[in-house]
Amino acid sequence: MRFLHTSDIHIGAKFAVLGPEYAREHREQIKRTFSKIIDIAIEEKVNLFLIAGDLFDSNSPSFYDIEFVKKELVRVSEAEIETCIIPGNHDFALSNKKALGGEFFNIPKVHLFTDSAGSKIYFKDINVEVYAKANNTNKSSENPLVPAKSARAAFKIIMAHGGVLGQARKPQWPIDPDSIEKSDADYVALGDWHSFREETRGKVQAFYPGSPEMVSISQAGAGYVILGEVKNRVSRSIDLHRIKVGTKTVKNFDVNISEIDSAEKLKEDIKALADKNLVLNVNISGVNTDKLVFNPENIEEELENNFWRLRVNDNSSFPLDNLSEEDYPRIFVSGQFVELMKEKIEKAETEKEKRLYEEVLQLGLLAFKDPKIIE
């Protein structure tokens, strides 16, 4: 028996942070990638196709997005593959047959879990039981994982959409990790986490495949689906394969500014990672001991054509004691500016206020060094 596990596709997501052009492109790419996942399910001749929540980004997807998904699910059906879908916290209206869920009930071999108390489906031909509890709100304190309860000697899969406690921060549907180990499942198909992640407990294998395409430009690890194959029905052993399907990759590049000797070197290190399909988040931290003067926005503008998206986040700090009068004499405007900003930084009442003044100081020094650079 073979199955393909995906989740968190988020068809129809707005992606406002990307801007209109990039957002439109990425919405279309997500649909192309979903079609690619269907191709893989058919080519690999899987028996089960599992969608563990957030197929759509909202409870009110467009007519065109609904029709697109229907067409793709019909392809799976015509290939004699059983599809199991659970609602997520974004598209929980799938649990309502009179709302979004009603759109998918007439497609053969497509099984939509709508019972918030939990239910199971037994596939006799492949001797597999699939259990799931339907999310019917966007947030709940209930554990979305329903245990497998059956004396039947079948392979047991549990589908659940939520965050595992201790790993996820303030999950909207919290999953107790002990409930995974005690579930009596052979495989737990998880959804909600947008990066590939293993949550196996004891003998129970549990995984998040992550979103097949990146959903957040700050979260790395998306772009995969999981192909599972039951090798031994007696021991219930499974071979799992992570398959890359995403076109965009998110990478976080951490820079300690104290280890960089010039602003040009900083730009060279960033440019060395150039990739047209990469979303690069540059996170600069540390103490700027060499008093390097740079503008994150200028770096983004200068290097943005080397990446799909580039963000430079400057969280470094200036060593105020090193900004001496020798470097910035008080007889000059630059020296008076430095003294004024040092005083404001030292008297800042909150970390946010302090950070703001540090940014002003950096921009001011940049302007004194080269006025044209911050125009």
Any donor-acceptor N or O pair under 3.5 Å, side chains [X], [Y]:
{"X": "Ser140", "Y": "Glu142", "answer": "no"}
{"X": "Asn89", "Y": "Asn135", "answer": "no"}
{"X": "Asn283", "Y": "Asn313", "answer": "yes"}
{"X": "Asn136", "Y": "Ser95", "answer": "no"}

In terms of hydrophobic clustering (I, L, V, M, F, W, Y; side-chain heavy atoms under 4.5 Å; direct or indirect links), are [X] and [Y] co-clustered?
{"X": "Val69", "Y": "Val110", "result": "yes"}
{"X": "Ile85", "Y": "Ile9", "result": "yes"}
{"X": "Val230", "Y": "Leu50", "result": "yes"}
{"X": "Leu310", "Y": "Val250", "result": "no"}
{"X": "Leu292", "Y": "Ile270", "result": "yes"}

For Lys344 and Glu346, what are the C-alpha separation, side-chain angles and deciding distance, and is it a salt bridge (Lys or Arg N to Asp or Glu O under 4.0 Å)? CA-CA 5 Å; Lys344 287 187 174 294; Glu346 290 167 355; over 6 Å; no
Is a side-chain donor or acceptor of [X] paired with a backbone partner of [Y] at a separation under 3.5 angstrom?
{"X": "Ser116", "Y": "Ala134", "value": "no"}
{"X": "Ser35", "Y": "Lys31", "value": "yes"}
{"X": "Glu353", "Y": "Glu349", "value": "yes"}
{"X": "Asn306", "Y": "Leu303", "value": "yes"}
{"X": "Trp173", "Y": "Leu145", "value": "no"}
{"X": "Asp91", "Y": "Gly88", "value": "yes"}
{"X": "Ser316", "Y": "Ile257", "value": "no"}

What residues, two or more places apart in sequence or in another chain, satisfy ring pair (Phe, Tyr, Trp, His ring centres under 6.0 Å) together with Tyr187? Phe3, His5
Check ring pair (Phe, Tyr, Trp, His ring centres under 6.0 Å) between Phe196 and all other residues, then give those that pass, not counting sequence neighbours. Phe207
Measuring only between side-chain heavy atoms, which start at C-beta, is [X] closer than 4.5 Å to [Y]?
{"X": "Asp192", "Y": "Leu190", "value": "no"}
{"X": "Ile121", "Y": "Tyr131", "value": "no"}
{"X": "Ile238", "Y": "Phe155", "value": "yes"}
{"X": "Asn295", "Y": "Asp314", "value": "no"}
{"X": "Phe307", "Y": "Lys276", "value": "no"}
{"X": "Lys347", "Y": "Lys354", "value": "no"}
{"X": "Ile66", "Y": "Leu100", "value": "yes"}
{"X": "Val255", "Y": "Val282", "value": "yes"}

Aromatic plane relationship, [Y] with [X] - under 30° parallel, 30 to 60° tilted, over 60° perpendicular:
{"X": "His10", "Y": "His90", "value": "perpendicular"}
{"X": "Phe34", "Y": "Phe49", "value": "tilted"}
{"X": "Phe15", "Y": "His26", "value": "perpendicular"}

To the nearest 0.5 Å, what is the distance between CD on Glu129 and CG on Asn127? 7.5 Å
Considering only residues two or more places apart or on different chains, which pairs with a residue in [range] satisfy salt bridge (charged side-chain N to carboxylate O under 4.0 Å, His left out)?
{"range": "residues 36-51", "answer": "Arg2-Glu44, Asp39-Arg75"}
{"range": "residues 108-119", "answer": "Glu80-Lys109, Glu82-Lys109"}
{"range": "residues 292-313", "answer": "Lys267-Glu302"}

For the residue pair [X] and [Y], what are the closest heavy atoms and their distance?
{"X": "Gly12", "Y": "Asp57", "value": "C-CB, 4.0 Å"}
{"X": "Tyr208", "Y": "Gly191", "value": "CE2-O, 3.3 Å"}
{"X": "Cys84", "Y": "Leu48", "value": "SG-CD2, 4.3 Å"}

Donor-acceptor list for residues 211-220 side chains, cut-off 3.5 Å, not counting sequence neighbours:
from, atom 1, to, atom 2, distance (Å)
Ser211, OG, Asp8, O, 2.9
Glu213, OE1, Thr247, N, 3.3
Glu213, OE1, Thr247, OG1, 3.4
Glu213, OE1, Lys248, N, 3.3
Glu213, OE2, Thr33, OG1, 2.7
Glu213, OE2, Thr247, N, 2.8
Glu213, OE2, Thr247, OG1, 2.9
Ser216, OG, Ser218, N, 3.2
Ser216, OG, Ser218, OG, 3.0

Salt bridge or not between Arg27 and Glu25? Use side-chain N to carboxylate O under 4.0 Å. no
Indicate yes or no: does Glu67 engage Lys70 in a salt bridge with an N to O separation below 4.0 Å. yes
Do other residues, nucleotides or ligands put more than 12 heavy atoms under 6.0 Å from the [atom1] atom of [X]?
{"X": "Tyr122", "atom1": "OH", "answer": "yes"}
{"X": "Asn106", "atom1": "CG", "answer": "no"}
{"X": "Lys14", "atom1": "NZ", "answer": "no"}

